[in-house]
**Q** 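Quick one: structure below, then a few questions.
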Amino acid sequence: MQKLLIKLIELMGITAGDKVVIEAVDFYLWRLDLPLGKISAGTYKGLHWGDATIEDTDAWLTFTVGNLYDSNRFSFGEGIVDINYAEGNEGLAYTGDLEDVITARIKDLYNLNTDGSEQGMQGDDYLSLDIWSEGLGDRELTDEQMDADDDDEESENYLKQFCRFENYPGVTNGDLYAAVLAS
């Protein structure tokens, strides 16, 4: 699984020192937090769910990858982008221009394909996204490959160079984004 995570990182164009957070959250499971930059305040035309009016948003994409279903498959979990909807907003980003702005930004920055998720719940403070990569789909690993991954120190050491939660001692999760951007 670590080698597949490394392949994903390479396909996304992430290098050591980039302002990203890659955190091991469980055995063969990682959470990625990727800054998307500022999305400007305004009203974005909606398709089915009304126009979405937002305040300036410092957007981050958060998703999980790895052995999500304990089936020896490398899979992508739901993507979440928090959105600062404005007071009185009655629309959603889902299926509208705001979704298009966000998904284009993700493609430009990280070479990931994303689309508003019909399966995911759309909330009043986030956009749910399906995520996939052209160069890395669901990959099944044998038990032997999974066991070999446990002993793969080279991959483990490679992954340590990335901006990880444990690199910021004393920082609570709520302050992590600010600590990463300030570094």
Side-chain angles (χ1 to χ4, degrees), residues 5 7-15 17-23 25 29-66 68-69 73-139 162-163 165 172-183:
L5 176 61
K7 181 172 181 165
L8 174 63
I9 290 168
E10 290 170 352
L11 288 169
M12 292 170 56
I14 295 174
T15 59
D18 284 352
K19 306 291 186 178
V20 301
V21 179
I22 301 170
E23 181 184 4
V25 294
L29 202 59
W30 299 270
R31 188 184 83 204
L32 283 73
D33 293 288
L34 309 173
L36 302 177
K38 178 182 159 197
I39 299 174
S40 297
T43 299
Y44 294 80
K45 183 82 175 137
L47 185 58
H48 300 295
W49 305 102
D51 295 345
T53 303
I54 65 168
E55 299 172 357
D56 282 341
T57 299
D58 289 319
W60 287 73
L61 169 64
T62 300
F63 64 100
T64 305
V65 296
L68 292 172
Y69 310 107
R73 292 187 88 73
F74 188 88
S75 302
F76 289 81
E78 173 189 26
I80 298 288
V81 176
D82 291 327
I83 298 173
N84 295 331
Y85 284 108
E87 183 83 25
N89 173 66
E90 294 185 11
L92 292 174
Y94 181 56
T95 70
D97 289 348
L98 183 54
E99 178 186 318
D100 293 343
V101 167
I102 293 168
T103 57
R105 175 110 25 117
I106 293 167
K107 182 69 172 174
D108 289 346
L109 291 173
Y110 301 107
N111 197 32
L112 291 173
N113 298 302
T114 56
D115 198 18
S117 174
E118 280 189 37
Q119 301 300 320
M121 296 299 295
Q122 302 299 329
D124 58 4
D125 61 352
Y126 67 91
L127 172 65
S128 174
L129 297 168
D130 293 327
I131 301 174
W132 68 98
S133 172
E134 295 297 327
L136 188 70
D138 276 0
R139 297 278 179 100
F162 292 95
C163 180
F165 190 80
T172 64
N173 196 30
D175 298 8
L176 183 58
Y177 293 159
V180 170
L181 293 174
S183 67

**Q** Kindly write out the residues that satisfy side chain to side chain contact (heavy atoms under 4.5 Å, CB included) with Asp115, not counting sequence neighbours, or none if the list is empty.
**A**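 Checked Asp115 against side chain to side chain contact (heavy atoms under 4.5 Å, CB included); matches are Glu99, Trp132.
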**Q** Going by the side chain to side chain contact (heavy atoms under 4.5 Å, CB included) test, name the single residue among Leu34, Ile9, Leu8 that passes it with Ile22.
**A**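 Running side chain to side chain contact (heavy atoms under 4.5 Å, CB included) over Leu34, Ile9, Leu8 with Ile22 returns exactly one hit, Ile9.
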**Q** Atom CD1 in Ile80, atom OH in Tyr126: separation rounded to 0.5 Å?
**A**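 Output value for this atom pair is 5.5 Å.
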**Q** Applying side chain to side chain donor-acceptor pair (under 3.5 Å), name anything that partners Thr43, two or more places apart in sequence or on another chain.
**A**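 Applying side chain to side chain donor-acceptor pair (under 3.5 Å) to Thr43 gives Thr53.
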**Q** Any heavy-atom pair between the side chains of Trp60 and Asp82 that's under 4.5 Å?
**A**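 Of all side-chain heavy-atom pairs linking Trp60 with Asp82, none is under 4.5 Å.
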**Q** I'd like to check the side chain to side chain contact (heavy atoms under 4.5 Å, CB included) partners of Ala52; sequence neighbours left out, ordered by chain and number.
**A**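 Partners of Ala52 by the side chain to side chain contact (heavy atoms under 4.5 Å, CB included) criterion, ordered by chain and then number, come out as Tyr85, Asn89, Leu98.
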**Q** What pair of heavy atoms forms the shortest contact from Ser117 to Asp130, and how long is it?
**A**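 For Ser117 versus Asp130, the nearest heavy atoms are OG-OD1, 3.1 Å.
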**Q** What's the separation between atom OG1 in Thr64 and atom CD in Glu23, rounded to the nearest 0.5 Å?
**A**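 Spacing of OG1 (Thr64) from CD (Glu23) equals 9.5 Å.
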**Q** How about Ser75 and Val65: do any of their side-chain heavy atoms sit closer than 4.5 Å?
**A**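 They are not in side-chain contact.
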**Q** Which atom names give the shortest non-hydrogen contact between Leu129 and Leu127, and what distance separates them?
**A**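 In terms of heavy atoms, the two residues are closest at CD2-CD2, 3.7 Å.
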**Q** Side chains of Leu11 and Leu112: closer than 4.5 Å at any heavy-atom pair?
**A**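 The answer is no, as the side chains (C-beta and beyond) never meet within the 4.5 Å cut-off.
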**Q** For Asn113, check side chain to side chain donor-acceptor pair (under 3.5 Å) against everything at least two apart and list the hits.
**A**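 Asn113 satisfies side chain to side chain donor-acceptor pair (under 3.5 Å) with Lys107, Glu134 only.
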**Q** Identify the two heavy atoms, one from Glu55 and one from Glu87, that lie closest to each other, and give their separation to 0.1 Å.
**A**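 Scanning both residues, the minimum pair turns out to be OE2-N, 4.2 Å.
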**Q** Which residues satisfy the salt bridge (charged side-chain N to carboxylate O under 4.0 Å, His left out) test with Asp100, sequence neighbours excluded?
**A**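 Testing Asp100 for salt bridge (charged side-chain N to carboxylate O under 4.0 Å, His left out), a comparison that skips the adjacent residues, returns none.
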**Q** Quick check for you: to the nearest 0.5 Å, what is the distance between Phe63 atom CZ and Ile131 atom CD1?
**A**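 So the CZ of Phe63 and the CD1 of Ile131 are separated by 5.0 Å.
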**Q** How would you list, by chain and number, every residue that makes a side chain to side chain contact (heavy atoms under 4.5 Å, CB included) with Leu36, sequence neighbours excluded?
**A**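 Per chain and number, Leu36 pairs via side chain to side chain contact (heavy atoms under 4.5 Å, CB included) with Ala59, Leu61, Val81, Ile102, Arg105, Ile106, Leu109, Tyr110.
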**Q** Tell me, please, which residues at least two apart from Glu10 pass side chain to side chain contact (heavy atoms under 4.5 Å, CB included).
**A**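 Glu10: side chain to side chain contact (heavy atoms under 4.5 Å, CB included) contacts with Ile6, Tyr158.
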**Q** Passes side-chain contact (heavy atoms from CB on, under 4.5 Å), Lys38 versus Asp58? Steps please.
**A** CA-CA 4 Å; Lys38 178 182 159 197; Asp58 289 319; 4.0 Å; yes
**Q** Within a strict 4.5 Å, meaning less than it, do heavy atoms of the Asn111 and Met12 side chains meet?
**A**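 In short, these two side chains do not touch, never coming nearer than 4.5 Å.
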**Q** Do the side chain of Asp56 and the main chain of Ala41 share a donor and acceptor less than 3.5 angstrom apart?
**A**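 The answer is yes, because a donor-acceptor pair under 3.5 Å joins these two groups.
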**Q** Determine the minimum heavy-atom distance between Ile83 and Ala93, stating which atoms define it.
**A**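 Reported closest heavy-atom pair: CD1-CB, 3.7 Å.
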